[in-house]
Amino acid sequence: MTHPLRLGIAGLGTVGVGVIKIVQEHEKLLSQRAGRKIMVTAISARSRSKDRGVDLSGMAWEDDPVTLARRDDVDVFIELMGGENGPAKASVEAALAAGKHVVTANKALLAHHGQALAELAEANGVNLRFEAAVAGGIPVIKALTEGLAANRITGVMGVMNGTCNYILTRMEKSHLAYEEIFEEANALGYLEADPQLDVGGIDAGHKLALLSAIAFGSQVDFEGVEIQGIDHIELADIEAAQDMGYRIKLLGVAKMTEAGLVQTMHPSLVPMDSPLAQLEGGTNMVVIEGDAIGQLVMRGAGAGEGPTASAVMGDVMDIARGMLIPVFGQPAKSLRNVTAVQTERETAFYIRLSLRDQPGVLSRVSAELANAGISIDRMRQQSHDETDAAPVLIVTHMTKPATVELALKGIAKTGLTMSTPVAMRIEAV
Ligand code: NAP
Ligand code: HSE
């Protein structure tokens, strides 16, 4: 048997503790499968005295993650602190420069610095692996870089933030407003330290940018992701969507077009009977389309101690077996710097209007839609109380977002709307 693989872990929170548990509880299984012993030699976190509920005896302690990253008795540096800069970036750079393999769950770090870190890793002949950074326990990075390596990928889409999915599904089930369910998710500890990363769609945008890089051989372009969060979603839309046969999901879509790379992370409607609509709570789903494979759907736990630690250890096992894989599936220097383009992709749209309840309003709205070139698939006026605002739901035929915007401007000019119209894409995934 070759010498043991020695791990240094910086960050002993949810994921770090989960990794230590797997190493300890599956010691024999891991060494049988890897052909060598896997052990944790050194650790770091902010507080040395905190009880973490796992046995840390025999592991050297470092206050400074950068020092940990450079230790001679560490072969693989595992970064589980989080944050796009600060100690996470400094320690990952130090480890790579010192010729150590790195495994991280940190999507923010890679979404912002992925290209430079990948070049550093490859210049030093080491791995930089990040399976846990995207869709928790789902091995989607491995699927794209390895199993699907012979495919031309035509599209990647999915639900990649468990917290948003939890909030949206709980709103539908409880009929409670966003603000109340946000507080519930907060009390359950689901939200990132900065909740805007979750509900603002940023965390999911980070993940989509990482998947796009592998799928399309392009440099990570987080700035190019068009992002809308779920913090403006009203219960009225969740219920109206349901009424029309849809569920609202925070859906990421990435496609390479002739004009450039389109990456969107938007709340979107999906048909009630589609696989995406069945996702409950913190579950994630990633859909990959390749020219040879067709459509591949992967579903599983998107977060939490066990699933995320499982993904981290999957990367560790590959390293233990001697695998060396380009960070984004091809040499980092060969990744293309592509143009990010606004999506002009046609889909059906859902539109909710609150209109003055007076004769002729529906025909005025229909005329504005027709003027913009939008054809209506379905239109429904919901019953309403004695207030004079009439809720009207519209499902359009295929059209472009810019066309919908034009139509909504025209409708606003009629003076018949009583609140800001809502429009969302309907995705037929
Ligand atoms: P967490 O529970 O908040 O733990 C963070 C750990 O990092 C803590 O142990 C903390 O130390 C330590 N830490 C923070 N700043 C540090 C510093 N300056 N120096 C040394 N240690 C420091 O976070 P987590 O949920 O485990 O997440 C870790 C990473 O995994 C993040 O990048 C996150 O986005 C990613 N991730 C998490 C999940 C999930 O389900 N939790 C899923 C996918 C990806 P103390 O404990 O002493 O405060
Ligand atoms: N905040 C993230 C989520 C954690 O809710 O999906 C997993 O990346």
Side-chain angles (χ1 to χ4, degrees), residues 4-31 34 37-92 94-95 100-109 129-133 136-137 162-163 185-195 197-198 203 282 301-317 319-320:
L5 186 74
R6 300 162 302 173
L7 313 180
I9 303 178
L12 300 173
T14 306
V15 188
V17 165
V19 168
I20 290 177
K21 281 185 190 166
I22 292 183
V23 172
Q24 291 176 343
E25 289 166 15
H26 291 179
E27 184 184 352
K28 199 167 163 211
L29 180 136
L30 295 177
S31 64
K37 188 174 165 56
I38 294 177
M39 59 193 291
V40 180
T41 47
I43 49 176
S44 176
R46 273 180 301 221
S47 161
R48 186 170 186 169
S49 58
K50 198 189 273 185
D51 177 9
R52 309 203 179 252
V54 281
D55 180 9
L56 302 177
S57 59
M59 301 173 197
W61 177 271
E62 293 286 357
D63 285 328
D64 180 5
V66 173
T67 309
L68 173 73
R70 294 189 179 126
R71 281 178 68 104
D72 288 341
D73 60 357
V74 167
D75 303 310
V76 182
F77 175 67
I78 305 185
E79 186 282 303
L80 300 171
M81 296 175 287
E84 69 183 68
N85 289 305
K89 179 166 178 274
S91 58
V92 166
K100 318 277 187 189
H101 300 288
V102 171
V103 176
T104 180
N106 190 337
K107 51 265 172 171
L109 173 74
R129 306 292 298 262
F130 57 95
E131 185 67 73
T163 305
N186 204 11
L188 288 167
Y190 286 1
L191 288 150
E192 299 270 343
D194 173 3
L197 288 175
D198 282 319
D203 172 83
E305 180 184 298
T308 314
S310 161
V312 170
M313 286 306 296
D315 285 341
V316 169
M317 290 296 280
I319 293 169

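Because only heavy atoms are used, hydrogens play no part in the values below, and waters and symmetry mates are left out as well, while side chains stay in. Keep in mind that this is a model prediction, so the values were computed, not measured.
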- prompt: Is there a donor-acceptor contact under 3.5 Å from the side chain of Thr104 to the main chain of Glu79?
  reply: yes
- prompt: Does Asp203 use its side chain to pair, donor to acceptor, with the backbone of Leu197 at less than 3.5 Å?
  reply: no
field: Heavy atoms of other groups near Asp72 CG, more than 12 under 6.0 Å
entry: no
- request: For residues Thr308 and Ala105, report the shortest heavy-atom separation together with the two atoms involved.
  value: CG2-CB, 4.4 Å
task: Could you grab the distance from atom NE2 of His101 to atom CG of Leu7, nearest 0.5 Å is fine?
output: 11.0 Å
From OG (Ser310) to CE (Met317), nearest 0.5 Å: 11.0 Å
task: Measure across Pro4 and Met39 and return the closest heavy-atom pair with its distance rounded to 0.1 Å.
output: CB-SD, 3.8 Å
field: Considering all heavy atoms, the nearest Ala69-Ser91 contact
entry: CB-O, 3.4 Å
- prompt: Does any N or O in the side chain of Ser31 come within less than 3.5 Å of the main-chain N or O of Lys28, such that one atom is a donor and the other an acceptor?
  reply: yes
Rounded distance [0.5 Å steps], CG in Asp75 versus OG1 in Thr41: 7.5 Å
query: Which pair of non-hydrogen atoms, one from Leu109 and one from Glu84, has the smallest distance, and what is that distance?
result: CD1-O, 3.4 Å
- prompt: Within the side chain of Glu131, is there an N or O that forms a donor-acceptor pair under 3.5 Å with the backbone of Gly314?
  reply: no
message: Tell me whether Gln24 contacts the main-chain N or O of Glu27 through its side chain, where contact means a donor paired with an acceptor under 3.5 Å.
response: no
Nearest-0.5 Å distance, CG of residue Leu191 to OG1 of residue Thr163: 5.5 Å
- prompt: Roughly how far, to the nearest 0.5 Å, is CG of Leu5 from CG of Leu30?
  reply: 10.5 Å
- prompt: Looking only at heavy atoms, what is the nearest atom pair of Ile38 and Ala320, with distance?
  reply: CD1-CB, 4.0 Å
Check against side-chain contact (heavy atoms from CB on, under 4.5 Å), Trp61 and Ile43: CA-CA 5 Å; Trp61 177 271; Ile43 49 176; 3.9 Å; yes
query: Any salt bridge between Asp63 and Arg48, counting N to O under 4.0 Å?
result: no
message: Closer than 3.5 angstrom, by distance alone: can the side chain of Arg52 be matched with the main-chain N or O of Leu12 as a donor-acceptor pair?
response: yes
query: What are the two closest heavy atoms between Phe77 and Leu68, and how far apart are they?
result: CE1-CD2, 3.8 Å
- prompt: What's the spacing between Ile20 CD1 and Glu305 CD if we round to 0.5 Å?
  reply: 10.5 Å
